[in-house]
Q: 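Pasting a structure below so you can have a look.
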Amino acid sequence: MPATANEADETSFAAIQARRDVLFDATLNDPTNLDIAFEYAMLSAEVGDYEAAISTLERMLVFAPGLPRVQLELAVLYYRIGATDTAQYYLDAVSQQELPPSVRGRVDEFATIIGKQSRPYRFSGTVQAGFQGHSNANLAPNQEAIIIGGVPITLGPGASGQSDTNFFALAQLHFTHDLPGQGSLFEVDTTLYTTNYFDINRLDMNLIEVAAGPSFSLGRYGWDNSRLGVYGIFGASTLDGHHYSSTLGLGTRLRSQINERVFLDVLLEGRSVDYKNGPNYPTASLQSGEAYRAQAQFTALLNTNLLTLFTLEARLVDGEQDFKSYAAYAMSARANYYFTGYSGGILADNAPWTLSFAAGGLMRDYDGPDPFIDPMNRQDDNAYWIEASLGIPLEKDFSAYITGQYLGQNSNYATRDYEGAILTFGVSKRF
């Protein structure tokens, strides 16, 4: 029977370890043999023993100072464990030497990568704005009459689905500052959102959320290209022109590049949310309480033209009343296809267009029945959505996009049944 992939990996790892043992003994017997020492260092790096690799390469420089290949490998290894300053030191040392074109090209490429990471302050983000047309803006039942407890009920004005158009603007900003520890950062993520509807003004919303805290490179523990962060959360929102909610919380996040094409992003959050009643939301405060969230996102670059994302999420909300408390489980998938489109005029040259398809679903179970709707049965929802989008690159890191989305929810509470479509036209700026 042929070996499985895992068995092959284990065999390869065992072979490398056996070779390392031989080379280690050889370096003890002949410490000035640089070829043996270099092979031992490279195999140590391959199995994740960065400390052994670094100490061996450092020792080589004692016997042969200024070896550019050794200095370059030290720069790479220090970068992997998050020691950016030391990596820059060795990179500067090798850059000052006469190098073959192939080595010079690798040095220049790595200098660009490390240069972006060596600035003490870094700021990036995306800002977008546009218009959305909704067939069911208030996500309400699509019919004017529904059945509750076997009794037909005629919904009042605004209680059934209404079409509308809104303007929106969204900014997602990321700030980092280097901390004294090698590979340690202080990170701040800020989300700003505003939307205004042409007719249904009670849906007008403004929101701010800030997540800030330190993150640490895990490279020194053999987990290359990975970071673990902890952060505090602050948020506030208005709805219908009135203060709607305030949020305080804590979270932790793991981001890891598994290999050249696969990425993992996992977060755990806990929040305390205080809701305020308003003229159009007289029972909003019943939602006040704690909310917990766990999410895992896998991103895979299948080839240069196709990127896929798969997300799993669980939420637990504990409101003041059982009928405002629930557990929800969601999953979604997205595929982005990048292709060469038309260029010219305001359209960017040599920038890919993006065709995106996505779908998702959610199950939500409430803890208790809503006495105002059905005192005998608690609410259970199954929601779904599908989406298609086209992104068009413009000059100076701008892009335009059009997105069509169909969404709906099936519920045992007739007042929570709905379906609708959203068409979005927007522009975004990346910096």
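Since the model is a prediction, treat every value here as computed from it, not as a measurement. For this chain, numbers begin at 1 and follow the sequence in order.
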Q: Kindly indicate whether the side chain of Glu187, heavy atoms from C-beta on, has any atom under 4.5 Å from the side chain of Arg227.
A: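 Touching, per the 4.5 Å side-chain cut-off.
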Q: List for me each residue that meets ring pair (Phe, Tyr, Trp, His ring centres under 6.0 Å) alongside Phe234, sequence neighbours excluded, and say none if there are none.
A: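 Counting only residues at least two positions away or on another chain, Phe234 forms no ring pair (Phe, Tyr, Trp, His ring centres under 6.0 Å).
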Q: Strictly by ring-ring contact (aromatic ring centres under 6.0 Å, His included), give each pair with a member in residues 193-215 just once, sequence neighbours left out.
A: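 Pairs touching residues 193-215 that pass the test: His134-Tyr197.
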Q: Does any N or O in the side chain of Asn136 come within less than 3.5 Å of the main-chain N or O of Ala140, such that one atom is a donor and the other an acceptor?
A: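 Looks like yes, one N/O pair under 3.5 Å.
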Q: Under the side chain to side chain donor-acceptor pair (under 3.5 Å) rule, collect the residues that match up with Glu209, sequence neighbours excluded.
A: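 Listed in chain order: Arg271.
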Q: Indicate whether any N or O donor in one side chain lies under 3.5 Å from an N or O acceptor in the other, for Gln409 and Arg364.
A: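 Yes.
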Q: Considering residues at least two apart in sequence or located in another chain, which fulfil the side chain to side chain donor-acceptor pair (under 3.5 Å) criterion with Ser226?
A: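 Listed in chain order: Trp223, Ser256.
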Q: Verify the distance criterion only: is there a donor paired with an acceptor across the side chains of Gln172 and Thr191 at less than 3.5 Å?
A: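 Judged by distance alone, the side chains do not pair up.
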Q: If we only count heavy atoms from C-beta on, is the His174 to Val188 side-chain gap below 4.5 Å?
A: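 The answer is no, as the side chains (C-beta and beyond) never meet within the 4.5 Å cut-off.
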Q: Could you tell me if the side chain of Leu312 sits less than 4.5 Å from the side chain of Gln295, heavy atoms only?
A: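 Gln295 vs Leu312: side chains apart.
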Q: Leu307 versus Tyr338: any side-chain heavy-atom pair under 4.5 Å?
A: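 With C-beta onward as the side chain, the pair touches.
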Q: Do Tyr401 and Gln128 get their side chains close enough for a donor-acceptor pair, meaning under 3.5 Å?
A: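 Indeed, the side chains of Tyr401 and Gln128 share at least one donor-acceptor pair under 3.5 Å.
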Q: What residues form a side chain to side chain donor-acceptor pair (under 3.5 Å) with Asp397, not counting sequence neighbours?
A: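 Asp397 satisfies side chain to side chain donor-acceptor pair (under 3.5 Å) with Arg430 once adjacent residues are dropped.
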Q: Could you work out, with salt bridge (charged side-chain N to carboxylate O under 4.0 Å, His left out) as the rule, every residue matching Asp189, not counting sequence neighbours?
A: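 Listed in chain order: nothing, the list is empty.
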Q: Hey, does Gln405 have a side-chain heavy atom less than 4.5 Å from the side chain of Trp385?
A: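 Yes, side chains in contact.
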Q: Counting only heavy atoms from other residues, nucleotides and ligands, does the tally under 6.0 Å from CE of Met331 exceed 12?
A: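 Not more than 12 within 6.0 Å, no.
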Q: Suppose we screen for ring pair (Phe, Tyr, Trp, His ring centres under 6.0 Å). Which residues come up paired with Phe323, at least two apart in sequence or across chains?
A: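 For Phe323, no residue satisfies ring pair (Phe, Tyr, Trp, His ring centres under 6.0 Å) once neighbours in sequence are set aside.
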Q: Under 3.5 Å, side-chain donor or acceptor atoms of residues 352-363 against the rest of the protein: list the pairs with distances, not counting sequence neighbours.
A:
{"residue": "Trp353", "atom": "NE1", "partner": "Tyr342", "partner atom": "O", "Å": "3.3"}
{"residue": "Ser356", "atom": "OG", "partner": "Arg334", "partner atom": "NH1", "Å": "2.8"}
{"residue": "Ser356", "atom": "OG", "partner": "Asn336", "partner atom": "OD1", "Å": "2.9"}

Q: Look at the side chain of Thr195 and the backbone N and O of Met205, then say whether any donor-acceptor pair between them is shorter than 3.5 Å.
A: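 No, the answer is negative, given that no donor and acceptor are paired below the 3.5 Å cut-off.
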Q: State yes or no: are the ring centers of Phe131 and Phe168 separated by less than 6.0 Å?
A: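 That pair fails the under 6.0 Å test.
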Q: Taking only residues two or more places apart in sequence or in another chain, which ones pass side chain to side chain donor-acceptor pair (under 3.5 Å) with Asn305?
A: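 For Asn305 there are no side chain to side chain donor-acceptor pair (under 3.5 Å) partners, ignoring immediate neighbours.
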Q: Distance-only criterion, 3.5 Å: show the donor-acceptor pairs between side-chain atoms of residues 239-253 and protein atoms not counting sequence neighbours.
A:
{"residue": "Asp240", "atom": "OD2", "partner": "Asn280", "partner atom": "ND2", "Å": "2.6"}
{"residue": "His243", "atom": "NE2", "partner": "Ser245", "partner atom": "O", "Å": "3.3"}
{"residue": "His243", "atom": "NE2", "partner": "Ser246", "partner atom": "OG", "Å": "2.9"}
{"residue": "Tyr244", "atom": "OH", "partner": "Gln287", "partner atom": "NE2", "Å": "3.3"}
{"residue": "Ser245", "atom": "OG", "partner": "Ser237", "partner atom": "OG", "Å": "2.6"}
{"residue": "Thr252", "atom": "OG1", "partner": "Gly229", "partner atom": "O", "Å": "2.9"}
{"residue": "Arg253", "atom": "NE", "partner": "Asp265", "partner atom": "OD1", "Å": "2.9"}
{"residue": "Arg253", "atom": "NE", "partner": "Asp265", "partner atom": "OD2", "Å": "3.3"}
{"residue": "Arg253", "atom": "NH2", "partner": "Asp265", "partner atom": "OD2", "Å": "2.5"}

Q: With no hydrogens and no angle check, do the side chains of Asp381 and Gln379 hold a donor and an acceptor under 3.5 Å apart?
A: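 Asp381 vs Gln379: donor-acceptor pair found between side chains.
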Q: Can you give each donor-acceptor pair under 3.5 Å made by side-chain atoms of residues 417-424, sequence neighbours left out, with the distance rounded to 0.1 Å?
A:
{"residue": "Asp417", "atom": "OD1", "partner": "Ser411", "partner atom": "N", "Å": "2.8"}
{"residue": "Glu419", "atom": "OE1", "partner": "Tyr406", "partner atom": "OH", "Å": "3.0"}
{"residue": "Thr424", "atom": "OG1", "partner": "Gln132", "partner atom": "NE2", "Å": "3.2"}

Q: Testing the basics here: between Asn277 and Ala284, what is the closest heavy-atom pair and its distance to 0.1 Å?
A: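 Residues Asn277 and Ala284, closest heavy atoms: OD1-N, 3.0 Å.
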Q: Please check if any side-chain donor atom of Ser163 sits under 3.5 Å from a side-chain acceptor atom of Ser135, or the reverse.
A: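 Checked: Ser163/Ser135 side chains show no N/O donor-acceptor pair below 3.5 Å.
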Q: With sequence neighbours left out, what residues match Tyr50 under ring pair (Phe, Tyr, Trp, His ring centres under 6.0 Å)?
A: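 In terms of ring pair (Phe, Tyr, Trp, His ring centres under 6.0 Å), with neighbours along the sequence ignored, Tyr50 is linked to no residue.
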Q: Whether the side chain of Asn206 engages the backbone of Thr238 through a donor-acceptor N/O pair (distance < 3.5 Å, no angle test) should be reported.
A: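 No, the answer is negative, given that no donor and acceptor are paired below the 3.5 Å cut-off.
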Q: With the side chain counted from C-beta on, respond yes when Tyr413 and Asp370 share a heavy-atom pair under 4.5 Å apart, and no when they do not.
A: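 Result yes, sub-4.5 Å side-chain heavy-atom pair found.
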Q: So, Asp178 side chain and Leu185 main chain: donor-acceptor pair closer than 3.5 Å or not?
A: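 Answer holds: no.
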Q: Between Asp274 and Lys276 (salt bridge meaning N to carboxylate O under 4.0 Å), is one present in this structure?
A: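 A salt bridge is present here (some side-chain N lies under 4.0 Å from a carboxylate O).
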